[in-house]
2 protein chains.
Amino acid sequence: MTIYAVAERARVSIATVSRVLKGSSVVTESTRQKVLDAVQELEYTPSGAARSLAERRHHTLGLVLPELGGPYYAELLAGFETKAAELRQGVMLVIAKAEGHGGDAIRALATRVDGIAFLGRDVERVRRSGKKLVLIAADSLPGVEVISTENIAGARRLTEHLLAHGRTRLLFVGDPDAAHDVRERYEGFVLAHHDRGLEPAQPVLAPFRESDGQAVAERLIAGDLEADALVCGNDELALAIMARLLGAGVDVPRDIAVVGWDDVMTARYVRPGLTTVRQPVRDVGALAADRLFHLVTGSAKAPERHVLPTEVVIRGSCGCTRTPSADPEPDLYPIPTPHPSKVRSR
Amino acid sequence: MTIYAVAERARVSIATVSRVLKGSSVVTESTRQKVLDAVQELEYTPSGAARSLAERRHHTLGLVLPELGGPYYAELLAGFETKAAELRQGVMLVIAKAEGHGGDAIRALATRVDGIAFLGRDVERVRRSGKKLVLIAADSLPGVEVISTENIAGARRLTEHLLAHGRTRLLFVGDPDAAHDVRERYEGFVLAHHDRGLEPAQPVLAPFRESDGQAVAERLIAGDLEADALVCGNDELALAIMARLLGAGVDVPRDIAVVGWDDVMTARYVRPGLTTVRQPVRDVGALAADRLFHLVTGSAKAPERHVLPTEVVIRGSCGCTRTPSADPEPDLYPIPTPHPSKVRSR
DNA sequence: TTGTATGCGTTATCAC
DNA sequence: GTGATAACGCATACAA
């Protein structure tokens with residue numbers, strides 16, 4: 001089923017069919033209708049490959065993610081896809097876990113898209129493709145577009161909040177070397193300490209899975225680690241740690257405060273509610289698609305660096321108190337009252 | 001930068017370059033090396049469009065999802081992408097919320113992929129494309145490959161569990177008309193009642209967002225609705241309802257039991273833990289990609305119907321008691337399931 | 001083993 | 001307005 005069949009059926013040339021399909025205004029309404037009818041009757045579906053070859057454009061944007069766990073990446077992807085669809089661009093996704101044959105996948109991706117938005121380590125893999133590029137949550141790189149969020153400032157505010165609570169032995173949990181944004185969060189942690197003339201502790205290295213959180217909690221319980229407040233690299237980590245501590249009889253936040261990063265759904269369901277930082281993840285994805293598109297179409301000036309704002313979300317785990325209520329309150333927890341909530345079974 | 005440039009640089013014909021790139025074994029090692037060097041030096045990236053046109057295959061699978069909220073779709077997508085990558089196929093994603101210009105997006109998708117895996121309503125949109133097709137979580141359709149999970153049996157077991165607890169006034173919360181799998185879950189709810197000669201109540205219609213859960217909770221609190229057990233269409237709904245009830249002083253599960261569906265992360269962090277049903281979502285995605293690929297390559301026999309097993313996850317919200325522990329226990333809870341479930345095809 | 005030539009299905013540039 | 005026809009960049013049957 002090609003454009004020739006349609007042309008024949010409609011008794012016109014393939015050029016005319018092409019014009020109609022591309023919405024050219026020069027075509028007469030009557031012939032236009034003939035073509036459309038033929039298309040309908042033949043259930044004609046054009047070949048994207050042939051079209052791309054002729055137009056020298058794929059009308060497709062690529063997105064490379066390191067994984068798809070947790071709500072973060074899904075949100076990002078949703079924002080990216082939505083914006084791309086708006087721009088009438090397709091979306092190709094590849095999950096490139098640390099190396100593996102992910103290199104192949106990225107190479108293959110490069111053959112079918114006009115540009116690539118990349119989130120992960122080893123940017124070189126993508127740079128070599130020579131495609132238009134947008135980096136997400138990455139360090140600045142001369143000449144390339146980068147989109148990130150206010151990690152440093154956010155972490156600084158969050159840490160300061162803990163210090164303002166009178167906490168003195170803060171620990172940062174997470175691996176600054178694992179990802180650039182984690183590094184920045186630790187940086188904010190450090191800066192908040194310096195603001196008060198304090199000396200920040202070294203980070204407690206931990207990957208981002210729940211099991212790693214458990215391990216950290218054990219060390220805390222065993223006395224191997226000491227702290228009265230934990231600034232965790234993300235919510236999964238914070239939640240896992242908090243749960244384990246609570247299970248061991250440690251009072252959070254009285255004995256130890258715990259805060260996270262991302263504001264996942266669970267954060268507002270647990271007790272105490274998890275104090276964390278919210279990022280406009282969806283916007284990051286949308287912006288990436290938008291910038292990439294403009295880079296591709298040439299309507300973008302010089303590469304820019306975008307930093308989107310973050311917002312500290314105060315709940316109970318940092319030591320703030322509020323009205324006991326089991327409602328999930330997605331947004332505001334404004335009321336600081338003397339009594340922390342306790343909803344527990346048995 | 002085309003294959004011609006590479007050929008010229010390596011002083012061979014484009015045919016040879018093509019052979020090397022496709023890994024043909026007939027090429028001499030020495031010329032192979034020359035070509036590879038040229039490719040390297042020129043940073044040559046082939047045109048996927050030209051390749052697809054010549055081969056008449058996109059080496060790309062399409063996935064259509066209705067949205068990307070919650071862990072369900074992300075998991076599915078992860079499974080799909082992983083399997084596709086394994087099969088060396090690219091993945092194009094389109095989110096087609098109820099109609100909108102989603103029709104356009106699907107049409108456009110059809111021009112660039114070899115087959116489409118579809119999850120959502122209005123299957124016709126995709127069928128018209130004439131592409132190879134795999135339906136996910138959909139009703140049976142003659143001649144079409146369908147992949148779903150054991151919704152009926154799972155819901156039946158879950159409901160029976162509640163009845164066995166001595167609950168007598170069960171309510172199903174969710175809209176059976178919203179999605180096929182929800183319909184099946186209600187069906188299982190009904191069957192469990194019939195098993196005991198009981199008359200099931202009509203479903204309490206509610207979409208799947210947390211806010212809808214709140215509304216249902218309010219009706220319960222106001223006495224507008226009466227029940228001693230709630231079977232919810234998914235976890236978000238169940239969690240929102242449970243939180244609101246607890247906040248209003250209702251004792252869950254003593255006064256009213258609440259169970260969900262999906263086993264999201266939050267389910268094991270809240271107290272009481274949410275009893276729910278786990279589906280092998282990732283496997284569903286992987287199977288979809290695998291079947292679609294075999295449909296495309298012709299190595300698949302007749303279209304089949306696949307039903308993957310579900311598993312009831314017992315926690316506290318159904319009325320079961322267990323050791324109070326704040327640990328998140330991601331995996332193992334003793335599961336009193338009368339019938340071992342298994343994968344079925346027909 | 002390597003090169004030549006044709007086809008893949010559109011778009012776009014010309015004529016008409 | 002519409003119709004030939006030359007790209008578009010690669011794969012591959014056929015020659016050599």
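Chain identifiers are assigned alphabetically (A, B, ...) following the order of the sequence lines, protein sequences preceding nucleic acid strands; residue numbering begins at 1 within each chain. A quick note: this is a predicted structure, and the numbers were derived from the prediction, not measured.
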* **End-to-end axis angle, where each axis spans five pairs of the helix from dT1(C)-dA16(D) to dC16(C)-dG1(D), to 10°** => 30°

* Asked: So which of residues 3-23 of chain B are in contact with DNA chain C, with a heavy-atom cut-off of under 4.0 Å?
  -> Val12(B), Ser13(B), Ala15(B), Thr16(B), Arg19(B)

* Asked: Is the shortest distance from a Lys or Arg side-chain nitrogen in Asp122(B) or Arg125(B) to a carboxylate oxygen in the other one below 4.0 Å?
  -> yes

* To do: Could you list all the side-chain hydrogen bond (donor to acceptor under 3.5 Å, both in side chains) pairs where at least one residue sits in residues 46-56 of chain B, not counting sequence neighbours?
  => Arg112(A)-Ser52(B), Lys22(B)-Glu55(B), Glu55(B)-His59(B)

* Just checking, any donor-acceptor pair under 3.5 angstrom between side chains of Thr28(B) and Ser30(B)? -> no

* Does atom CZ of Arg305(A) have more than 12 heavy-atom neighbours from other groups under 6.0 Å away? -> yes

* Among side-chain atoms of His306(A) and Glu145(A), is any donor-acceptor pair under 3.5 angstrom? -> yes

* Counting only heavy atoms not in Arg11(B), do more than 12 fall under 6.0 Å of its CZ? -> no

* Is there a donor-acceptor pair closer than 3.5 Å between any side-chain N or O of Thr60(A) and the backbone N or O of His58(A)? -> yes

* Asked: Is the closest basic N to carboxylate O distance between Arg88(A) and Asp104(B) below 4.0 Å?
  -> yes

* Asked: So, the side chain of Thr82(A) versus the backbone of Ala78(A): is there a donor-acceptor pair under 3.5 Å, distance only?
  -> yes

* Asked: Is Glu81(A) reaching over with its side chain to a backbone N or O of Ile95(B), donor-acceptor style, under 3.5 angstrom?
  -> yes

* In residues 25-36 of chain B, which ones come under 4.0 Å of DNA chain D, going by heavy atoms? -> none

* To do: Before accepting this row, confirm whether a basic side-chain N of the pair Asp114(A)/Lys132(A) lies closer than 4.0 Å to the acidic partner's carboxylate O.
  => no

* Residues Glu41(B), Arg9(B): salt bridge by 4.0 Å N-O rule -> yes

* Looking at residues 38-61 of chain B, who's got a heavy atom less than 4.0 Å off DNA chain C? -> Leu53(B), Ala54(B), Arg56(B)

* Asked: Between Ala84(A) and Ala289(A), what is the shortest heavy-atom contact and its length?
  -> N-CB, 4.1 Å

* To do: Considering only heavy atoms of chain B and a distance under 4.0 Å, specify the first and last nucleotide of DNA chain C in 5' to 3' order that meet this criterion.
  => dT1(C) to dG9(C)

* Asked: Is the side chain of Lys131(B) donor-acceptor paired with the backbone N or O of Val113(B) at a distance under 3.5 Å, no angle test?
  -> yes

* Determine whether more than 12 heavy atoms belonging to other residues, nucleotides or ligands lie under 6.0 Å from atom CD of Gln40(B). => no

